[in-house]
Protein chains: 2
Amino acid sequence: MILTEKRMSKSELQKILKSFFPNLEEASLDAFMKHASYLKSTKGTKLISEGKRHRYFYLILKGGVKSYYSKESREVCMWFAFKNEVVGTITTYEGLPSKETIELLEDSELIKFNIEKIKELTLTDLSISHLMNGIIIEHTLYLEERLYQLQFMTSKKRYKVLYESTPEIFQEVSLTDIASYLGVTRETLSRIRSK
Amino acid sequence: MILTEKRMSKSELQKILKSFFPNLEEASLDAFMKHASYLKSTKGTKLISEGKRHRYFYLILKGGVKSYYSKESREVCMWFAFKNEVVGTITTYEGLPSKETIELLEDSELIKFNIEKIKELTLTDLSISHLMNGIIIEHTLYLEERLYQLQFMTSKKRYKVLYESTPEIFQEVSLTDIASYLGVTRETLSRIRSK
DNA sequence: GAATTCATTTGACATTTATCACAAAGCCAT
DNA sequence: ATGGCTTTGTGATAAATGTCAAATGAATTC
């Protein structure tokens with residue numbers, strides 16, 4: 001449920017965007033800003049729903065989200081994101097119906113930006129083109145690492161890596177979601193943890 | 001083993017690049033061409049080796065390659081590519097040591113291009129920037145599909161999907177490699193196939 | 001604070017898959 | 001063709017994980 005979608009003061013928005021995208025040129029930032037706005041929303045809100053076309057990407061100012069695929073009432077989490085991260089789906093970027101759902105894990109504050117418009121800007125604006133490139137590449141490196149872990153590591157090892165790299169995640173995300181993310185059932189995760 | 005690395009006639013090279021990159025503008029194509037050359041090489045040659053920095057991406061004119069991670073003498077294939085595909089690793093694109101190895105599955109003919117130089121061109125050339133963007137996005141969509149399959153499908157189903165979508169692959173790639181790609185042992189793949 | 005709901009843990013059992021050992025088949029070079 | 005090499009297939013067993021059912025625990029509502 002969306003609580004507020006307000007027009008933020010120009011300077012405030014600018015400041016936020018600068019902190020997310022420090023390499024973006026001034027003129028590009030102004031152009032970008034025209035398609036961005038502040039949003040506050042409650043836990044459980046779906047920013048992007050599986051099977052639908054969407055127009056927006058988001059910056060997380062406060063709170064967190066999970067991305068998941070669902071099938072026959074089973075949900076498998078693909079990633080989680082928190083404060084200071086950019087979120088969206090590559091299918092949305094491509095103008096396709098999203099395969100994933102992105103849902104708020106808690107009440108959150110966000111900047112949403114119209115990715116359709118931003119993508120149009122990439123046609124003429126090199127700075128924005130590189131920005132988007134960078135975001136996609138970062139995501140790609142992440143996917144490769146995940147694929148590597150799923151194919152090379154045992155579930156115990158994957159749990160260990162997650163626990164050691166981002167222990168905070170266990171405060172924010174349910175064990176059910178973490179289990180699906182690690183590619184095991186809740187029960188198995190529970191047994192792994194009891195050691 | 002590299003058999004030939006010759007300077008191909010300009011018009012021939014141009015024709016090939018055009019067929020791979022039909023949307024590339026004429027001037028951009030000329031710039032691109034300066035960093036591309038023809039290469040013929042034998043089965044088993046490693047275009048990119050795990051742990052090393054590399055400068056090149058490749059277009060496959062004839063033949064095929066496999067990409068794999070290796071660890072403790074175990075190899076896990078991540079993807080295969082054949083005629084008319086562009087190959088490289090995202091880590092190479094980022095100037096990092098590659099995590100994967102790319103190896104020729106058979107004697108192949110290739111165009112290699114200096115991705116460092118091409119990446120420099122993206123700083124000033126929008127057309128090339130979009131070209132590289134597109135290549136990366138395509139790869140990203142592929143990775144997401146693969147991750148989805150690994151997390152949602154049984155090994156039988158993954159085999160079925162592979163067999164039905166690209167049956168040719170069984171002519172080109174050993175069952176050992178396909179098994180690792182599907183995330184099972186050779187023995188398990190053999191048992192799946194005997195049904 | 002009792003009742004309800006949801007998340008997590010535990011146990012018993014079934015299923016899948018890995019592992020190890022070896023046999024069979026295909027391929028290559030002499 | 002013969003002997004060596006690699007790839008693939010099969011069998012027996014063990015290990016890991018899923019499934020189902022129930023118990024416990026934690027959080028939320030009335």
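Just so you know, these numbers come straight off a predicted model, no measurement behind them. All chains are named by letter (A, B, ...) in the order of the sequence lines, taking the proteins before the strands, and each is independently numbered beginning at 1.
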Chemist: Just how far, in rounded Å, is C1' of dA18(C) from CG of Leu182(B)?
Modeler: 16 Å
Chemist: Less than 3.5 Å apart, any donor N or O on the side chain of Glu50(A) or Ser70(A) sitting next to an acceptor on the other?
Modeler: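 The criterion, which ignores hydrogens and geometry beyond distance, is satisfied for Ser70(A) and Glu50(A).
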Chemist: Kindly calculate the angle separating the two end axes of the helix from dG1(C)-dC30(D) to dT30(C)-dA1(D), each obtained from five base pairs, and round it to 10 degrees.
Modeler: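 That helix gives 40° between its end axes.
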Chemist: Find the distance Leu189(B):CG to dT16(C):C1' and express it as a whole number of Å.
Modeler: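 Value for this atom pair: 15 Å.
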Chemist: Are side-chain N/O atoms of Thr42(B) and Asp107(B) paired as donor and acceptor at under 3.5 Å?
Modeler: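 Thr42(B) vs Asp107(B): no donor-acceptor pair found between side chains.
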Chemist: Would you please confirm or rule out a distance under 4.0 Å between OP1 or OP2 of dT6(D) and any side-chain N or O of Ser174(B)?
Modeler: no
Chemist: Atom CZ of Phe170(B) and atom C1' of dG26(C): how far apart are they, to the nearest Å?
Modeler: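 Taking CZ of Phe170(B) and C1' of dG26(C), I get 19 Å after rounding.
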Chemist: Respond yes when some side-chain nitrogen or oxygen of Ser155(A) is under 4.0 Å from OP1 or OP2 of dT17(D), and no when none is.
Modeler: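 For dT17(D), OP1 or OP2 has a side-chain N or O of Ser155(A) closer than 4.0 Å.
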Chemist: Where the side chain of Arg191(B) is defined as all heavy atoms beyond and including C-beta, which of dA12(D), dT9(C), dT17(D) is the nearest nucleotide?
Modeler: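 For Arg191(B), the side-chain atoms sit closest to dA12(D).
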Chemist: Is a side-chain donor or acceptor of Ser174(B) paired with a backbone partner of Asp177(B) at a separation under 3.5 angstrom?
Modeler: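 Judged by distance alone, yes, a pair lies under 3.5 Å.
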Chemist: Starting from P on dA7(C), measure out to CD1 on Ile178(A) and report it in whole angstrom.
Modeler: 13 Å
Chemist: Give the rounded distance in Å between these two atoms: CD of Glu75(B) and P of dT6(D).
Modeler: 14 Å
Chemist: Grab the NZ-P distance between Lys157(B) and dT15(C) for me, whole Å please.
Modeler: 21 Å
Chemist: Of the candidate nucleotides dT8(C), dA21(D), dG18(D), which contains the atom at the shortest distance from the side chain of Val184(A)?
Modeler: dG18(D)
Chemist: Which label fits Tyr159(A) and Phe170(A): parallel for a plane angle under 30°, tilted from 30 to 60°, or perpendicular past 60°?
Modeler: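 The arrangement is perpendicular - the two ring planes meet at more than 60°.
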Chemist: Please determine, for the side chain of Thr185(A), which listed nucleotide (dT8(D), dT17(C), dT19(D)) has the closest atom?
Modeler: dT19(D)
Chemist: Any side-chain donor paired with an acceptor under 3.5 Å for Glu109(A) and Tyr38(A)?
Modeler: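 Judged by distance alone, the side chains do pair up.
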Chemist: Nearest of dG9(D), dT10(C), dC20(C) to any side-chain atom of Ser190(A)?
Modeler: dT10(C)
Chemist: For the side chain of Arg186(B), counting heavy atoms from C-beta on, which of dC20(D), dT8(D), dG9(D) is nearest?
Modeler: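 Per side-chain heavy atoms of Arg186(B), the pick is dT8(D).
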Chemist: Between atom CD1 in Ile192(A) and atom P in dT8(C), what is the gap in whole Å?
Modeler: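 So the two atoms are 15 Å apart, to the nearest Å.
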Chemist: Distance check: side-chain N/O of Thr188(A) vs OP1/OP2 of dG18(D), anything under 4.0 Å?
Modeler: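 Looking at the OP1 and OP2 atoms of dG18(D), one of them is under 4.0 Å from a side-chain N or O of Thr188(A).
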Chemist: Taking atom CE of Met132(B) and atom OG of Ser127(B), what is their separation to the nearest 0.5 Å?
Modeler: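 Nearest 0.5 Å value for the CE-OG distance: 12.0 Å.
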Chemist: Is any side-chain N or O of Thr154(B) closer than 4.0 Å to OP1 or OP2 of dT16(C)?
Modeler: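 Indeed not, no polar side-chain atom of Thr154(B) lies that close.
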Chemist: Hydrogens and angles aside, do Ser49(A) and Thr101(A) bring a side-chain donor and acceptor to less than 3.5 Å of each other?
Modeler: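 Distance-only check fails for Ser49(A) and Thr101(A).
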Chemist: Please state how far atom CD in Glu187(A) lies from atom P in dA21(D), giving the value in whole angstrom units.
Modeler: 12 Å
